[in-house]
Number of protein chains: 2
Amino acid sequence: MKLSAKVEYGVRAMAMLAIHYQAGPLPLSKISEQEKISLNFLEQIFPDLRRSGLVESVRGAHGGYMLSSAPETIRVGDIVRAVEGPITPVNCLSENKSEVRCHREGDCLTRKVWERLRDRINDVLDDVFLNELVE
Amino acid sequence: MKLSAKVEYGVRAMAMLAIHYQAGPLPLSKISEQEKISLNFLEQIFPDLRRSGLVESVRGAHGGYMLSSAPETIRVGDIVRAVEGPITPVNCLSENKSEVRCHREGDCLTRKVWERLRDRINDVLDDVFLNELVE
DNA sequence: TTAATTCCGACTAATTGACTAAGGTATCAC
DNA sequence: GTGATACCTTAGTCAATTAGTCGGAATTAA
């Protein structure tokens, strides 16, 4: 029952971008330096954030990344899902998989517990906005 | 953000024990057969449940496992923690580890989010009792 | 005794996680 | 244009975890 390190780092990095909001693009090297996260690892995380539209990148000299919208509008849940994909506490909740292991589907009693768990996790993560992390 | 298969199977197996509550010990072979879970894997899960006091074992012929208390008193959270250990959504929340990676500790802002997440997960899991899964 | 069953510990194959390395491509200041 | 800066992509590695296997020892009802 763990989030990945990518998520942990991703949230820290996004918090740092929130601090520098509207102060121009921030290079990953700066984030790497200050948050003590491997530059290469950050370069692996940020494409995910960009594809989800949470950040924008500016290339070239003095380039870097910046939030594409105000910190007040970005939920921690957005970051988690961007980096790690949808929250699925157990396998039988991931739709795409051809897991017929759960042979019941409809009337599975334990399934309801997992569904409720998933929803509550999303609730908690969606209840916190980026600006709350940096003040 | 996943629970392990051990937890998923453990809850299903415990639900089956709840159905057979007060009907004598149930051998793992029966559970394996009906729930389509590898017998050897079940034998790996049940020692954890026994050590946590959730089930009792009867050795020898016609032995098996049985709940050590009524289904109404056993929480899904008890099962999850017995099989998987304490819930720690991110590394910096696990006490025993010598992870000084999180150099802030006290005033870490993101930490509060993870703590809240952990608490809510426990809340949801502790809100469901075994008898609710089998009726 | 014998068969059924729990218990115990080591072993393994496959997957995932957490990075590291290297090279390529785009952009901008000068 | 040139070189520095920064993004982008792919691949590889190393350790831990997962989901089991396997074999055997202890226990007990019949």
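Atoms considered below: every heavy atom in the structure, side chains included; atoms not considered: hydrogens, waters and symmetry mates. Each chain gets a letter, A, B and so on, in the order the sequences are listed, and its residues count up from 1.
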When you get a sec, tell me which of [options] is the closest nucleotide to the side chain of [X]?
X	options	answer
A:Pro27	D:dA6, C:dA18, C:dC19	D:dA6
B:Ala61	D:dA19, C:dA3, C:dT6	C:dA3
A:Ala5	C:dC19, D:dA6, D:dG20	C:dC19
A:Arg51	D:dT9, C:dA4, C:dT6	D:dT9
A:Ser57	D:dA19, D:dC7, D:dC22	D:dC7
A:Ser29	D:dA6, D:dC8, D:dG20	D:dA6
B:Glu43	C:dT6, C:dA21, D:dT28	C:dT6
B:Phe41	D:dA6, D:dA19, C:dA29	D:dA19
B:Gln44	D:dA19, C:dT5, C:dA22	D:dA19

For atom CG of B:Asn40 and atom C1' of C:dT5, their distance in whole Å: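 So the CG-C1' distance, B:Asn40 to C:dT5, works out to 14 Å.
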
Atom-to-atom span, CG of A:Leu3 to C1' of C:dG17 - whole angstrom: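 In whole Å, C:dG17 C1' lies 13 Å from A:Leu3 CG.
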
Would one find a side-chain N or O of [X] under 4.0 angstrom from OP1 or OP2 of [N]?
X	N	value
A:Tyr9	C:dG17	no
A:Ser38	C:dT20	yes
A:Arg50	D:dC7	no

More than 12 heavy atoms from other groups under 6.0 Å of CZ on B:Arg81: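 Yes.
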
Quick check: do [X] and [Y] have side-chain heavy atoms less than 4.5 Å from each other?
X	Y	result
A:Met14	A:Leu67	yes
B:Leu133	A:Val113	yes
A:Arg75	A:Phe129	yes

Any donor-acceptor N/O pair under 3.5 Å between C:dT6 base and B:Arg59 side chain: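 Answer is yes: a donor-acceptor pair is held.
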
Earlier contact from the 5' end, DNA chain C, for A:Val58 and B:Leu39: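 Looking at DNA chain C, the more 5' nearest nucleotide goes with B:Leu39.
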
Touch class at under 4.0 angstrom, heavy-atom based, for A:Phe46 against every strand present: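 No contact at all - A:Phe46 keeps every heavy atom at 4.0 Å or more from the nucleic acid.
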
Determine all donor-acceptor pairs shorter than 3.5 Å in which one atom belongs to a side chain in residues 39-59 of chain A; sequence neighbours excluded.
unit_1	atom_1	unit_2	atom_2	d
A:Asp48	OD1	A:Arg51	NH2	3.0
A:Ser52	OG	A:Asp48	O	3.0

